[in-house]
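Note: hydrogens, waters and symmetry copies are ignored here, and every other heavy atom, side chains too, is used. Throughout, a chain's letter reflects where its sequence line sits, starting with A, and its residues are numbered from 1.
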Amino acid sequence: MTPETNTMTPTITGDTILKVEHLSMKFGGLMAINDFSFEARRGDITALIGPNGAGKTTVFNCITGFYKPTMGMITLRQGDGREHLLERLKDFEITKSAKVARTFQNIRLFSGLTVLENLLVAQHNVLMKASGYTILGLLGLPTYKKAVGASIEKAKYWLDKADLTDRADDPAGDLPYGAQRRLEIVRAMCTGPELLCLDEPAAGLNPRESAALNTLLHSIRSEGVSILLIEHDMSVVMEISDHVVVLEYGQKISDGTPDHVKNDPKVIAAYLGVEDDEVDEVIAVELEGGDR
Amino acid sequence: MAAPSENTSSGLMVKAVREGIFAGVIALGMFILYVGIETYQDIDNRLVWRTRWGLLAIFVAVAAIGRFLMVGVIKPHLDRRKLAKAKSGILEISEEKSFFHRHFLKIALIALLLYPMASVWLFGTQGSLKYVDNFGIQILIYVMLAWGLNIVVGLAGLLDLGYVAFYAVGAYSYALLSAHLGLSFWVLLPLAGILAALWGVILGFPVLRLRGDYLAIVTLAFGEIIRLVLINWTDVTRGTFGISGIKKASVFGIWSFDVGSPNYFPKAFGLATSSAYYKIFLFYVILALCLLTAYVTIRLRRMPIGRAWEALREDEIACRSLGINTVTTKLTAFATGAMFGGFAGSFFATRQGFVSPESFVFLESAVILAIVVLGGMGSLTGIAIAAVVMVGGTELLREMAFLKLVFGPDFTPELYRMLLFGLAMVIVMLFKPRGFVGTREPTAFLKERKVVSGSFTKEGHG
Ligand SMILES: Nc1ncnc2c1ncn2[C@@H]1O[C@H](COP(=O)(O)OP(=O)(O)O)[C@@H](O)[C@H]1O
Ligand SMILES: [Mg+2]
C-alpha cells in the first residue's frame, strides 16, 4: 500500500486534485465512456453533468474503483503531494489510502444501524488501528478509549452540520429521504476524505431539503474538501459549482465555468434535444475553432 | 346496528364452512396415497397393499375442522382483540416492564448456576444425571454453537451451512492430540479453538468471494468434505469406528475424574463414587464457555470489527466505499465463529469420551442454523431461548412414554423429533418472522439506547 509515485510527464500541477486521462469503459459492445479526460481542482466544486445514461455514474465507479476502466489513467494528488493511480487500487484502498469518498445514486445506508453507528463504521480504519486490530481494544487500553471518544466527537460534529443530531439514536432506515441523503454525505465525510464524490445528491429532494443540502455542501467545501458532483439537472449545478464538465453518450461535450457551459450550444442541444443538423448549424455559427 | 353484524357473522360461518370443506378436499388429495394406502410384505414376502380409510378420515377431518375453527372462531377472535386494543389506545409494548422482564438475564444466570444443585437436591445424585447431562449440558452445547454461528450468520450476514465442520475439527483435535501427545483438556481447549479458527480462515479464503446462495452451497460442501475426510482417513481417525477412550477433563489438573486415580474428585471431598459429579463439573465448564462466548460477542460488537460485521450484513458495497476491507472482515467473522465451534467441539469430545463422524452430519449444521434463525439473528437472548425450546423440547420427547398409551406400544416419540422440530419452526416463523427477539441493540448512543426494530435490519446476502 505504498503510494504510487507518478513518473509520467507532465505531472499534475499543484492545485489539481484529480486528473482523468483518456478514460474508456466498455460493457460488452457498449462504449459507456469513450476517451474522456478532465481535471478537478483542489478546493473546487466540480460538477459532472449530462443527460440520463450519459455515463456519469460509470465515471464515478471508475474513479472509486468499483469498475476497472477498459483504458485510461486516473491520478489523484493528495494535499501533501503524494500521488495515487486510482485505476490500480482496490475500491476500499481508494478510500483508505487515496482519501476519496463517495455516495451512491440510490442511497446505501446501513439501515439497521443507528445514525451514530453509521458514522462510526465510516471511521473503521482509524478505530481499527487505535484498537490494535481489536486485540488491544479488548483489553481496554486508554489510547483506544481516547480514539473512541474522538470518533464520537467527529460524528457529533458532522451530525450537527447535517442537522441530524436529534436523530442520532434512530435507525438510519427510519429517516426521511432528504435526511438519508445528508447522512450518506456526512458518513462519507467521516472517512476523512480530500475528495468527495457525490452521485446526484439533489435527486428527489424537495426545495427545503435541497436548501439544507446546499448548506451542507458549502460547509464541506469550507473545510477545504474538494467535491466532485454528479447532477443531471443543470439548474441545481449552476449556483454551487466552480467548474462544470458535460458528458453525453460517454463523451465530453463541454468543459468550463458554469457560464461558459450554460451558453455552449452543444450543451443546449444535448439538454433540449435539438435535431442534429440544427446543432451543426448552431455550432457552425458560434464556434470559432477554439473548442475541440 | 344488530342486523348487519348478524349478517356478517352468518356470512363468516358460510365462509368458514366453505374453507373447511376446501381444506378437507385438499387434505384428501394429499393424503389419499400416503395415508389411505399402505404397502406391506405378506408372509410370502410379496409386496401387497391394503387401505386405511379410517386413518385417512381422521387426517381429513382434522384438516377440515381445524380450518373451520381457524377461519370461523380463532381469527375473528384475534381480530376483535386487536381492534379492542387499538380502540383503547394501549400500545403493543408497554413502557413499564415487569420485574422479571427487566432482570431476566440476572435471573437466568442465577438459575443456571443453581441448576445442578437443585437437580441433585430434587432427584438425588444419580437421578440428577439425566437433568444435568441430557438437558443442561446438551442445551448449553447448542447454545454455545448457535452463539458461535451467530457471529457469522447473525452479525456478518454470511450464510454458513457447514458450521458443523468446525465443531468436528475441535472435537477431533482434542481426541487426537490428547491421545497422541497426552496433553490435558485445558491445554487442548484453546488449541482446538485456534485450529478450528485456522480452518475457518483456510476454508473461508476461497469461498468468501461468493455471495448468498452460492456461499451457502459451498460451505455446505465443505462441511461434507470434512466429514468424508474423517470417515476415509482411517489411519488417523479410525473412520466410522470413531475414536473412543478420550481422556476426561480434570479440575484444572488438581483433581481428576478417573475412578482409579489417587486424587479422584469425589474421594477428595468425601463423596460417594458417582459419575454425576463429573457431569456437574462439565455443566459448569460448558456454562463458563457459553458465558465466554457471550462476553466476547458483546465486547466485539462494540468494537470497530463487530460494527464492520454488522455493516457488512447491511450493505457490503457501502462498506467498501468507506474503506473497509471486506475480505479480512469476513474472514475474521468466519474465524471467530469457527473458534467457538472448535471450543464446543473439544468440550463435546471430552464429555462423550467418544467421537465419530456420525456426530457431524449436515443435520447438525441445519439444527444450529435453525436455532439462530428462530432466536432472531444477532440476539444472544433470543438464540438461548430458541436453543432451550428446540433442544430441550426434543429431549423432552424422550420422556413422553405416556404417549405410548395413546398411540399404541409401537409409538416411539423420538422418531417424531424432526417432525416436531419442523412444525415448531413453521409456527414460530409464521408468527414471529424475525425470530423470538427480532430487535437489535445499538452498540453506541448519544442520548438514549433505543432498540432498532427488526423491520430495518437486513439478513445479509452472503
Ligand atoms: N454494469 C454495467 N453493465 C452494463 N452496462 C452498464 C453498466 N453500468 C452502466 N451501464 C451502461 O452505461 C451507460 C451509462 O450509464 P450510467 O453511467 O449509469 O449513466 P448516468 O449515471 O449518466 O445516468 C448506460 O447505457 C448504462 O446502461
Ligand atoms: Mg447515474
Side-chain angles (χ1 to χ4, degrees), chain A residues 64-66 90-97 99 101-104 107-118 120-131 133-134 137-138 140 144 147-148 151-152 155-156 159 165-166 168-174 184 187-188 190-193 197, chain B residues 154-155 157 292 295-330 332-333 335-336 377-378 434 438-460:
Chain A
T64 53
F66 282 82
K90 289 210 183 94
D91 44 19
F92 75 90
E93 288 168 345
I94 288 177
T95 308
K96 193 176 168 184
S97 346
K99 302 290 173 200
R102 70 168 292 175
T103 64
F104 295 87
I107 307 176
R108 286 183 172 275
L109 290 174
F110 307 121
S111 58
L113 308 192
T114 66
V115 170
L116 178 68
E117 285 177 307
N118 268 270
L120 293 179
V121 170
Q123 302 176 54
H124 179 79
N125 287 320
V126 175
L127 287 173
M128 234 4 212
K129 212 173 202 172
S131 73
Y133 298 90
T134 308
L138 274 180
Y144 173 63
V148 170
S151 72
I152 290 188
K156 271 185 181 164
L159 282 174
T165 310
D166 294 340
D169 298 323
D170 290 322
D174 200 19
E184 201 194 14
R187 187 183 66 180
C190 279
T191 64
C197 303
Chain B
L155 294 185
L292 176 79
Y295 177 76
V296 171
T297 308
I298 291 169
R299 282 301 297 271
L300 284 182
R301 268 197 70 209
R302 292 183 191 156
M303 304 273 301
I305 187 68
R307 282 205 202 100
W309 288 340
E310 289 200 81
L312 199 65
R313 176 193 69 205
E314 299 287 318
D315 193 325
E316 183 178 344
I317 289 179
C319 273
R320 297 212 305 249
S321 84
L322 297 174
I324 295 174
N325 184 342
T326 50
V327 173
T328 51
T329 306
K330 284 180 183 180
T332 49
T336 314
M377 300 215 287
R434 292 265 161 181
T439 54
R440 175 183 171 273
E441 282 271 333
T443 60
F445 62 96
L446 279 190
K447 293 191 195 72
E448 57 172 320
R449 194 183 289 277
K450 302 178 195 167
V451 291
V452 176
S453 141
S455 55
F456 293 115
T457 52
K458 303 214 170 71
E459 287 100 21

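Contacts of L116(A) with chain B are made by side-chain atoms alone, with heavy-atom separations under 4.5 Å and no backbone atom involved. For a residue to count as touching a neighbouring chain, one of its non-hydrogen atoms must lie under 4.5 Å from one of that chain's; by this rule R320(B) touches chain A with backbone and side chain alike. Heavy-atom distances place no part of T103(A) under 4.5 Å from chain B, backbone and side chain included. Contacts of K90(A) with chain B are absent, with no heavy-atom separation under 4.5 Å from either backbone or side chain. L109(A) touches chain B through its backbone: at least one of N, CA, C or O sits under 4.5 Å from a heavy atom, while the side chain does not. For T191(A), the part lying near chain B is the side chain, with the backbone staying farther off; criterion is any non-hydrogen pair under 4.5 Å.
Between T329(B) and F92(A) there is no side-chain heavy-atom pair separated by less than 4.5 Å. R307(B) has its side chain out of reach of F110(A): every pair of non-hydrogen atoms, C-beta onward, lies at least 4.5 Å apart.
A318(B) and R187(A) get closest at one heavy-atom pair: CB-NH2, 3.7 Å. The two residues T114(A) and P442(B) make their nearest non-hydrogen contact at CG2-CB, 3.7 Å.
The residue among T326(B), D315(B), T443(B), T332(B) with the most heavy atom pairs within less than 4.5 Å of chain A is D315(B). Counting heavy-atom pairs closer than 4.5 Å to chain A, the top residue among G323(B), A444(B), C319(B) is G323(B). Annotation: maximal heavy-atom pairing with chain B below 4.5 Å, among S111(A), A101(A), P171(A), occurs at S111(A).
Note: E314(B) CD to N118(A) CG = 8.5 Å, rounded to the nearest 0.5 Å. One finds the CD1 atom of I305(B) at 4.0 Å from the CE atom of M128(A) (value rounded to the nearest 0.5 Å).
Under a 4.0 Å N-O distance rule, the pair E117(A)/R440(B) qualifies as a salt bridge.
Only one option out of V121(A), D91(A), T95(A) pairs with I324(B) in a side chain to side chain contact (heavy atoms under 4.5 Å, CB included); it is V121(A).
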